[in-house]
Amino acid sequence: MSTDAGTAAPPRATRKEWLGLAVLALPTMLIAMDLTVLHLALPTLTADLRPGNSELLWIVDIYGFLIAGFLIPMGAIGDRIGRRRLLLIGAAAFGVASVFSAFAANPAMLIAARALLGIAGATLMPSTLSLIRIMFQDPKQQGAAIGAWTGFFGLGTVIGPLVGGTFLELFWWGSVFLLGVPIMLLLIVFGPVVLPEYQDKSVSRPDLISALMSIVGILALIFGLKRIAEDGLRLESGTAIVVGLVLAALFLSRQRRLEQPLVDLALFRNGLYGIALSMLVLATLISAASQFFVMQYLQLVYGLSPIQAGLWSLPTTVAVMIGAMGAPALLSRMKLSTLLAGALLIAAVGMVVLTRISGPSDLALAVAGAAITGLGLGPMVSLGTGLIVGSAPPERAGAASAMASTGTELGAALGVAVIGSVGFAVYRSNLSDKLPEGISAHVAEVAKDSLAAAVDVADKLPGADGSKLLSVAREAFVHGLQTTAIVGAGLAVLLALGAATLLRNAQVPGPPPPAEVDDMAKSLEKTDS
């Protein structure tokens, strides 16, 4: 590569750095796999632990909420104590939490273990990408390394249903959590050998008070919304929502006063940044909610085994990848606003297809609807981050990128928490109205907990009673799925209108020129220890 006189070319990566990339790609692949395998495990997990509606939702989404809450402060902690050190600490914590999750004896234990997994996951995500940028300073090699890292994320998404389904077919539900243990052991053993260390003592300590305020505020709001969906507005749910709103207001006030806030509110002075971030959150919300219900439909309504459900989920995965990878190429032929609006309308069509599901015989509708939805949401996922980062000043690109990752995790968790609560409320209401005569109060309460619980208890009832309960429970769940699909379709249409109007002058910037990449790489100090 030619350089100006007096300017040294950036060092090229050696075999050690490429081996380090392989080590860093493993946790990335695991995080992608975890997005799918838990949804596959929900039916057998529910039959064993018997969580209620609210507990089941917390099992799924506490992980995403805590990743979202700790991503930004963990990045600052990594700068102070060392990125590699934080990565290895997080890997050890992730492995331990995986074992606790696998052998949880009750819903509370599993929720606590999943919470620890979320905090540990927040240490892995920022550390992997930042170390790659330090290890690969040559622009071409850095681009190839980031591309490979992204490819492993896609690979984890593809093989997650297959690996998870196979484990569930052969072992118990906890085995899907143990997938992370050997991967984290490899990272702990080989990380100190092939990964560099990076510290920046000049970075201020992260404001943990802000982090706690944001997490507690979000969890309080979600708790209140869940309770309203289950039992209507009561003192408990109303108090939780008020606490959440007060903490949110105090959090924003604190960010304005801090010299180095946890969330850089100055980024929101550019209206495009806030619009793009909000749209990304809502897009991932729709995606997570549809996957949550469709995966349960495949196993508990249609009756597929875990590995069969994993195979039938592959069309959705492939569709998302096609949408995400194909969207950048289409930008040369149409405006960004037109592309995103059209894609989001396709997602709305997919959700409408899901509303047509009426019973156990509609496998084709479930698979097609989920795949069409994924195809339509793919462009927002791939272009949304570029739009968010591109709308921020260059010196704040890192903070903008962290917010994009946080928004994605938050959107996925909110999809299950908020829309999932709506779907479960519809399920409980419909089941209560149509319970067959002769069903005991105890059996009725168990069946109302979730469809998985209803399937399990129906199998233990004598002939006709079990069949009747199973039929009305599946019908009630389908009503819940239809309701969530209607909500998702409406959100997708609103997002499409927002993209067409609010983003009509927006453009996703291209990659920075090599000289800028060199300057950014040289600004980072690399020390082998």
Side-chain angles (χ1 to χ4, degrees), residues 31-40 42 57 60-61 63-65 67-68 153-154 156-158 160-161 276-298 309 312-327 340-355 366-385 388 404-423 481 483-496 498-499:
I31 290 171
M33 290 173 61
D34 276 355
L35 298 176
T36 306
V37 294
L38 181 61
H39 288 174
L40 281 172
L42 285 179
L57 293 175
V60 175
D61 56 34
Y63 175 77
F65 280 132
I67 281 187
F153 188 90
T157 305
V158 172
L277 182 60
S278 299
M279 293 185 69
L280 182 62
V281 170
L282 291 174
T284 53
L285 180 150
I286 295 170
S287 175
S290 65
Q291 289 178 1
F292 179 70
F293 279 91
V294 168
M295 198 65 74
Q296 291 185 78
Y297 172 87
L298 294 177
W312 280 109
S313 70
L314 284 178
T316 302
T317 301
V318 173
V320 172
M321 295 179 67
I322 291 173
M325 298 172 67
L340 288 180
L344 290 165
L345 287 176
I346 291 174
V349 170
M351 298 302 286
V352 170
V353 172
L354 293 179
T355 66
V367 174
I372 295 170
T373 300
L375 179 67
L377 295 176
M380 188 68 229
V381 173
S382 63
L383 299 178
T385 300
I388 291 167
S405 299
T406 301
T408 300
E409 293 293 337
L410 184 61
L414 285 172
V416 176
V418 178
I419 300 185
S421 293
V422 173
L481 188 156
T483 302
T484 60
I486 291 171
V487 173
L491 282 175
V493 170
L494 290 176
L495 284 176

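Of all the heavy atoms in Met380 and Ala276, the pair that sits closest is CE-O, 4.1 Å. Closest approach of Leu354 to Ala366, counting heavy atoms only: CD2-O, 3.7 Å. Pairing each heavy atom of Phe293 with each of Leu481, the nearest pair is O-CD1, 4.0 Å. Annotation for Met295 and Ser313: closest pair CE-CB, 3.8 Å, computed over non-hydrogen atoms. Taking each heavy atom of Gly411 and Thr284 in turn, the nearest pair found is CA-OG1, 3.3 Å. Taking both residues in full, the closest heavy atoms of Gly488 and Ile286 are given as O-CD1, 3.8 Å, listed atom of the first, atom of the second, then distance.
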For side-chain contact (heavy atoms from CB on, under 4.5 Å), just list the numbers for Thr316 and Val294, CA-CA rounded to whole Å, side-chain angles, deciding distance to a tenth of an Å, and then say yes or no. CA-CA 11 Å; Thr316 302; Val294 168; over 6 Å; no
side-chain contact (heavy atoms from CB on, under 4.5 Å) between Leu375 and Ile322: does it pass, once the steps are laid out? CA-CA 7 Å; Leu375 179 67; Ile322 291 173; 4.0 Å; yes
Is there a side-chain contact (heavy atoms from CB on, under 4.5 Å) between Leu494 and Leu282? Walk through the geometry before answering. CA-CA 10 Å; Leu494 290 176; Leu282 291 174; over 6 Å; no
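Atom CD1 of Ile419 sits about 12.0 Å away from atom CD1 of Ile486, to the nearest 0.5 Å. Here Met351 contributes atom CE and Ile372 contributes atom CD1; the two are 11.5 Å apart, rounded to the nearest 0.5 Å. Here the OG atom belonging to Ser278 is positioned 12.0 Å from the CG atom belonging to Leu285, to the nearest 0.5 angstrom.
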Less than 3.5 Å apart, which donor and acceptor atoms pair up between the side chains of residues 340-348 and the rest of the protein, not counting sequence neighbours?
none

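Shown here are the ring pair (Phe, Tyr, Trp, His ring centres under 6.0 Å) partners of Phe292, two or more places apart in sequence or in another chain: His39. Under the side chain to side chain contact (heavy atoms under 4.5 Å, CB included) criterion, Ala368 pairs with no residue, sequence neighbours left out.
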